[in-house]
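No hydrogens, no waters, no symmetry mates; every other heavy atom, side chains included, goes into these values. This is a predicted model, so every value here is computed, not measured. Here is the naming used below: chain letters follow the sequence lines, and residue numbers restart at 1 for every chain.
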Number of protein chains: 2
Amino acid sequence: MKRIADSTVRRLSIYLRFLEDSVLQGIRTISSEELARRGGTTSAQVRKDLSFFGSFGKRGLGYPVPELTTALRDILGIGREWRIIIIGAGKIGTALAQYGGFRQRGFQVVAVYDSDPQKIGSRWDGHEVRDVVDIDHDIAADRPDIAVLTVPAEEAQAIGERVAAAGLRAILNFAPVQLHLSSDVTVRNVNMAMELEGLSFALTNREKNGND
Amino acid sequence: MKRIADSTVRRLSIYLRFLEDSVLQGIRTISSEELARRGGTTSAQVRKDLSFFGSFGKRGLGYPVPELTTALRDILGIGREWRIIIIGAGKIGTALAQYGGFRQRGFQVVAVYDSDPQKIGSRWDGHEVRDVVDIDHDIAADRPDIAVLTVPAEEAQAIGERVAAAGLRAILNFAPVQLHLSSDVTVRNVNMAMELEGLSFALTNREKNGND
DNA sequence: ACATGTGAACTGCTTCACAGCG
DNA sequence: CGCTGTGAAGCAGTTCACATGT
């Protein structure tokens with residue numbers, strides 16, 4: 001299979017979300033034009049994105065909504081259950097552990113970790129917070145697929161290395177540092193400070209350039 | 001000023017974070033090579049990124065750490081205080097409202113909104129949750145700079161339109177929908193489900209292609 | 001001698017435009 | 001006739017390579 005751009009995968013997620021709504025509304029067929037409008041892109045981009053994976057549409061008609069939905073789920077690999085662990089039971093880690101949207105989409109939180117003795121042993125939403133020292137052992141036993149890192153910046157690299165060594169191959173990193181791991185580990189970064197700084201930059205520049 | 005790519009602005013944030021550490025450690029000078037290593041990019045990329053904004057380095061030496069730090073803060077517009085409002089007092093909104101990292105970096109949460117009568121009036125971390133019906137009026141009075149949207153997907157577009165109409169020009173959108181707003185409003189999206197699906201895609205494809 | 005700053009070359013994503021097919 | 005699927009063209013972001021300055 002040809003290498004797929006990150007931006008393409010992101011758009012597939014967007015299309016899928018809208019398609020799921022459309023299925024519920026009983027819509028049978030949808031054009032690339034309509035998908036583009038809702039996804040904030042162009043119809044050519046939609047067709048190109050989908051064409052990497054097959055021919056899902058009917059010329060002169062559009063795409064069959066239920067079939068395309070199933071196909072995208074399959075492409076993104078969200079037909080199955082993915083097991084995720086959350087490392088770092090701070091504010092954000094806690095919110096994520098309790099967030100219902102994960103399980104709903106096939107991502108099951110199987111464990112929550114922290115290093116703070118005050119937090120270890122406490123329970124949230126059915127998850128007992130475990131001691132992060134046990135993580136290597138636990139990963140071997142529980143075989144989770146994805147680690148969500150919500151630890152302080154200083155600890156992120158070390159924890160990333162440990163979960164990678166234990167066999168995890170996907171990390172969602174909330175710590176504001178760039179992780180350096182073997183290339184067979186896929187890392188996605190979510191960095192609130194960075195996003196806010198991006199907005200700050202945009203606002204600052206708009207002011208300088210007189211609003212154009 | 002030439003148009004700056006989003007990817008460049010993101011990297012500037014990364015450089016800045018590392019530079020701030022370096023200042024604390026008393027490091028005087030840093031090379032593009034070292035910045036690149038820490039930022040997960042190349043030295044040429046670092047030099048190119050910085051060159052859009054000026055000549056900060058000394059040939060044969062590298063970049064002076066304190067001066068470059070100040071310059072990047074200035075470029076990103078984080079010398080001043082930005083006033084932010086959080087709309088949606090659910091799990092994630094609550095976590096963000098209590099998150100200390102914002103104020104620390106110059107982003108001050110000035111108000112939290114929700115539409116649920118049970119939540120309106122309650123207090124978190126010094127913020128009384130206000131009724132979202134008052135938001136237009138409040139924005140005119142409080143003049144916030146950035147809105148953080150943590151409302152359900154169905155409500156995001158309508159709320160986005162309201163805050164845009166009230167004069168807000170920057171939105172950090174956590175709802176899993178693409179906002180359609182006038183182009184003078186800058187929107188950044190943070191979408192956990194999308195990131196997890198990206199990891200799911202990577203894991204699924206690795207399995208199919210036999211790990212390369 | 002060494003590391004920056006930067007045009008030029010390159011790579012890869014996006015857009016165009018139209019042939020192909022229902 | 002309408003809308004998809006897709007090579008070709010266009011464009012933007014990255015990498016190269018070296019002249020430049022200290």
What's the [atom1]-[atom2] distance between [X] and [N], to the nearest Å?
X        : N       : atom1 : atom2 : answer
Lys48(B) : dC16(D) : NZ    : P     : 13 Å
Arg59(A) : dC21(C) : CZ    : C1'   : 5 Å
Leu35(B) : dA3(C)  : CG    : P     : 14 Å
Ile4(B)  : dA12(D) : CD1   : P     : 13 Å
Glu34(A) : dG2(D)  : CD    : C1'   : 16 Å
Asp6(B)  : dC11(D) : CG    : P     : 20 Å
Lys2(B)  : dG7(C)  : NZ    : P     : 11 Å
Phe56(B) : dG21(D) : CZ    : P     : 19 Å

Nearest to the [X] side chain among [options], which nucleotide is it?
X        : options                   : value
Gln45(A) : dG13(D), dT14(C), dC13(C) : dT14(C)
Arg47(A) : dA17(C), dG13(D), dT6(C)  : dA17(C)
Tyr63(A) : dG5(D), dG5(C), dC13(C)   : dG5(D)
Ser51(B) : dG5(C), dT15(C), dG13(D)  : dG5(C)
Thr8(A)  : dA17(C), dT14(C), dT14(D) : dT14(C)

Quiz item: Just checking Ser43(B): base, sugar-phosphate only, or nothing, at a heavy-atom cut-off of under 4.0 Å?
Solution: nothing

Self-check item: Toward the 5' end of DNA chain C, by each residue's nearest nucleotide, Asp49(A) or Gly60(A)
Solution: Asp49(A)

Quiz item: Is any side-chain heavy atom of Asn189(A) less than 4.5 Å from a side-chain heavy atom of Gln178(A)?
Solution: yes

Quiz item: Taking the side chain as C-beta and beyond, is there a heavy-atom pair between Leu172(A) and Ile84(A) under 4.5 Å?
Solution: no

Practice problem: Count the heavy atoms of every other residue, nucleotide or ligand shown that sit under 6.0 Å from CD of Glu33(A), and state whether that count exceeds 12. | Solution: no

Practice problem: May I ask you to evaluate whether Ser7(B) reaches the phosphate of dG13(D), defined as a side-chain N or O under 4.0 Å from OP1 or OP2? | Solution: no

Exercise. Return no unless some side-chain N or O of Arg11(B) is found under 4.0 Å from OP1 or OP2 of dG13(D).
Key: no

Quiz item: Can Glu20(B) and Arg17(B) be said to form a salt bridge (charged side-chain N to carboxylate O under 4.0 Å, His left out), step by step?
Solution: CA-CA 5 Å; Glu20(B) 288 174 332; Arg17(B) 202 137 291 108; 5.1 Å; no

Self-check item: Pair Arg10(A)-Asp6(A), salt bridge (charged side-chain N to carboxylate O under 4.0 Å, His left out): steps then yes or no
Solution: CA-CA 6 Å; Arg10(A) 287 200 149 75; Asp6(A) 231 63; 2.8 Å; yes

Self-check item: Close approaches to DNA chain C from residues 21-33 of chain B, in residue order (heavy atom, under 4.0 Å)
Solution: Ser31(B), Ser32(B)

Quiz item: Between Val163(A), Ile146(A), Val185(A), which is the residue that forms a side chain to side chain contact (heavy atoms under 4.5 Å, CB included) with Arg169(A)?
Solution: Val185(A)

Quiz item: With no hydrogens and no angle check, do the side chains of Glu195(A) and Asn191(A) hold a donor and an acceptor under 3.5 Å apart?
Solution: no

